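Report on the structure given below.
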Amino acid sequence: MASKVVLSGPDIERALKRIAHEIVESQRGRHDLVFLGIPTRGVILSNRLAELVNSIEPQTIERGVLDVTMYRDDLRTKSTRATTPTTIPASGIDGKTVVLVDDVLYSGRTIRAALDAITALGRPQAVRLAVLVDRGHRELPIRADFVGKNLPSAVDERVYVQLDETDGDEMVGIR
Amino acid sequence: MSILIKGATIMGHTTADILIDGNRIIEVGAVSATADTVIDATGLVALPGLVDLHTHLREPGGEGAETILTGSRAAAAGGFTAVHAMANTNPVADNANVVEYVHRRGIEAGYVEVRPVGSVTMGLDGQTLSDIGAMANSEARVTVFSDDGKCVGDSLLMRRALEYVATFGGVIAQHAQDPRLTENAQMNEGALSAELGLAGWPSVAEEAIIARDVLLAEYTGARLHICHLSTAGSVDVIRWAKKRGIAVTAEATPHHLLLTDELARDYNPLFKVNPPLRTEADVLAVREGVADGTIDIIATDHAPHGSASKDCTWADGAFGMVGLESALSIVQHTLVDTGLIGWDDVARIMSVNPARIGSVDGYENPLSVGSLANITLVDPAAQSEWATDNLVGRSTNTPFTGISLPGRVVHTIFRGTPTVRDGSVVELSQAGHAS
Amino acid sequence: MKHFISTHSIARVTAVQLLDTTADMADVRQRDVKKLPTLRGKTVANVFFEDSTRTRLSFEAAALALSADVSTFTAKGSSVSKGESLKDTVQTLESMGADFIVLRHFDSGAAATVATSGWVDAHVINAGDGTHEHPTQALLDAYTLRHRMFGLEARGRDLSGVRVVIVGDILHSRVARSNIWMLSALGAQVTIAAPRTLLPRDIALWPVTVVETLDAALDAGVDAVMTLRIQKERMNDAFFPGAAEYTRFWGMTAQRLSQVGSHTVVMHPGPMNRGLEIAGSVADSERSTVREQVTNGVAARMAVLYTLLGEGQE
């Protein structure tokens, strides 16, 4: 199956800028954002988004990393996954608007696990989801609030995201 | 009934025929006469019937694991025509009643000559001498005395026992294991026992007792036999003792000719035995000891155990392995096929010598005219993977499963009666007895 | 890995992964909600043939923290005292739904036997078998040491170059064995100190340096002294003359604490004989990791339960 570039480096940058604007618009002046990135690439995107939002409307955006491995529903059927640390801001997430950030939204199970993990950490006022790519094929009633690109895909296709910090390149491809 | 064995290789040397009539061999050579049964023994080695100086038949008291009947059948399958039944039964064979019982049951079974061994001490208590004289004079005519399973640890008692048994012309077979040095011992003391956290059974616990006992034998002028010798150091002590002219004989088991303590690594109690499996160096020294005559005989220490005693943790596992059916194959594999000894030596170490030590009549002139017809025919060219199917006794605790072994006992003849024919045990039932 | 029986041949990368997972579990234990749903629906059977309240409670806490159901079997007054075999005990527990069997038994090799015999299909975790191994103890000990030494920089690190002295009854200690394998797998340098009567005879190939007395092992560069419990019964079996002589040559006294560096930690798997193998003041000093070891035990056991969950799927 041939590989196809769906988003180039500049495309990604534009998409993130647009999402940042959408986030600023939706917060309506409330400055209580906590960005939680889902490892690995979600964390990188989360940091970029935070910078972009801050540059559009200056504010303190607290950041964290949310490891959802322990909350997955497929642990007993796959081989052991390594865990990464979860870090949340010292002031917690109670009453805040948490923005979950991930690279690809697919079945929705990762986000379901993330919601479970968040419940154990506190009670946010609201949880929003920002993803770079939504490739469809949801298995649970989960939807993203902010989407970089809608990418219809076949189940046997693989969508992959490359970012400078992890892969030395910037692109979204499908094969 | 007459049997003609045609074309057998007599103890590995010349090819000849053997004619049996009744319970005796009446002709050896080129036999032209006919017989009721003719056995084509082309390619088979003829050995005198094998004699085991160390077997556990478990009856009376342990019939779940083996009986005198099932053990006799296992012995026949292994090419044996005589076995010595050790005394650690329940009740212990420390008096004339028990040994006569075992003697009678052996005759009823009819497959081999069952020679009861009497214990050295009452109930194996290590303190009081058993009814040695009564057992020696009983119908069982006991000449071998042993507390095997346990060591006669007390030096004074061992001295007295040697002297007393000598009075009746018998021999003490010592299970050499210093009790204080081996309390709760589980396996050979070495690098592996250190790693596995299993209490060690140090080689010195065997060697020190042998050293003491050969000196006691010298001092008292008595005969001594050492059971299941397992370490290089023990071989050295026996060699020294024999050079000194001490009347000591020694045995080694087939498993100590092949297996090492590495087999304990997975904590499988199938490999738990007393004395324990030792190191590679010990195995080689024991083979050398057999080859140069320091070790006089091979004895199986056939020790049947029910599956519950082996399907458990190592510590809960019973000590012992069955060995009657596999003995000859192991001896061929480790000693003959390696070029250390020939088939005539096999006859010596598995028949002539054990019979002499145990004072068993009829094995002095093996496979000769006029002697009792105790004959084993083995096919040395056979080769197969050992499996529990090869076992004929009641228990299946063999350590050799999966090992490719040579040799197959094709026929066993006990005092002129075939007990194994074409590799299968003959059903003797009522027509059993050989006289 | 399907079972966690021993640390004998553990690969360095596996050991580091276990330490990192322990760290993540420890983090969860600090939060308000100390539980994870990871083992929901699974049953962990704690099968304790030897009395051990602390280890049993630690495993119970770990299983509960992962939302597993826990059933506990202790030998006292049970069917075992009526002669039920180990085989029947574990098979009964598996028939009642046990997915994990945490086994503490007085026979060396018991956990390996249950894991390889074919009696059960469950994951087996060795909670201490005779004098053979106590692998979860080694994991929590290594984690405690790594955390003390490297703190927030610990993640992903092994113990290369870390110098550990283990002193005491090595011969009878499953904690010593598991720690020796685990620490050397992680690259630590291990020295053991014991009277010869308490050392196995054939350890020439063990990855350790052997010294006769504790003083010979201690210097300012030692990072940790791991003291082992002395069983008083050994004194009656001629392993050493008595308590005074033991403490004199192998006890971790306050005086010896001053012989090591100010960073050196003193460890003990518990329960302690204060004044025998470890001085009370040393046990209570801030260089002692005894209480952290207990806390970390729950996280370490959570890490093991989690790691085994995904395996055995082949």
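Keep in mind that what you see is a predicted model, and the values were worked out from it rather than measured.
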State whether the number of non-hydrogen atoms from other residues, nucleotides or ligands found under 6.0 Å of [X] atom [atom1] is greater than 12.
X: C:R155; atom1: CZ; value: yes
X: C:D32; atom1: CG; value: no
X: A:R123; atom1: CZ; value: no
X: C:E153; atom1: CD; value: no
X: A:E13; atom1: CD; value: no
X: C:H147; atom1: NE2; value: no

Original post:
Which pair of heavy atoms, one from C:T21 and one from A:M70, lies closest together, and at what distance?
Top reply: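 Taking C:T21 first and A:M70 second, the nearest heavy atoms are CG2-CE, 4.5 Å.
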Original post:
Considering all heavy atoms of both residues, which atom of C:R31 and which atom of A:T86 are nearest to each other, and what is their separation?
Top reply: NH2-CB, 3.6 Å
Is chain A contacted by the side chain of [X], its backbone, both, or neither, given a heavy-atom distance below 4.5 Å?
X: C:L39; result: backbone
X: C:D24; result: side chain
X: C:K35; result: backbone

Original post:
Would a 4.5 Å heavy-atom cut-off, applied to side chains only, mark C:T38 and A:L75 as touching?
Top reply: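 Yes, their side chains come closer than 4.5 Å.
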**OP:** Tell me, out of A:D116, A:L121, A:T84, who's got the most heavy-atom pairs with chain C below 4.5 Å.
**Re:**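 The residue among A:D116, A:L121, A:T84 with the greatest pair count is A:T84.
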**OP:** Among A:A82, A:A120, A:A117, A:P85, single out the residue with the greatest number of heavy-atom pairs under 4.5 Å to chain C.
**Re:**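 Highest number of heavy-atom pairs under 4.5 Å: A:P85.
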Original post:
Where on A:R81 is there a heavy atom nearer than 4.5 Å to chain C: the side chain, the backbone, both, or neither?
Top reply: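 Backbone plus side chain of A:R81, per the 4.5 Å heavy-atom cut-off to chain C.
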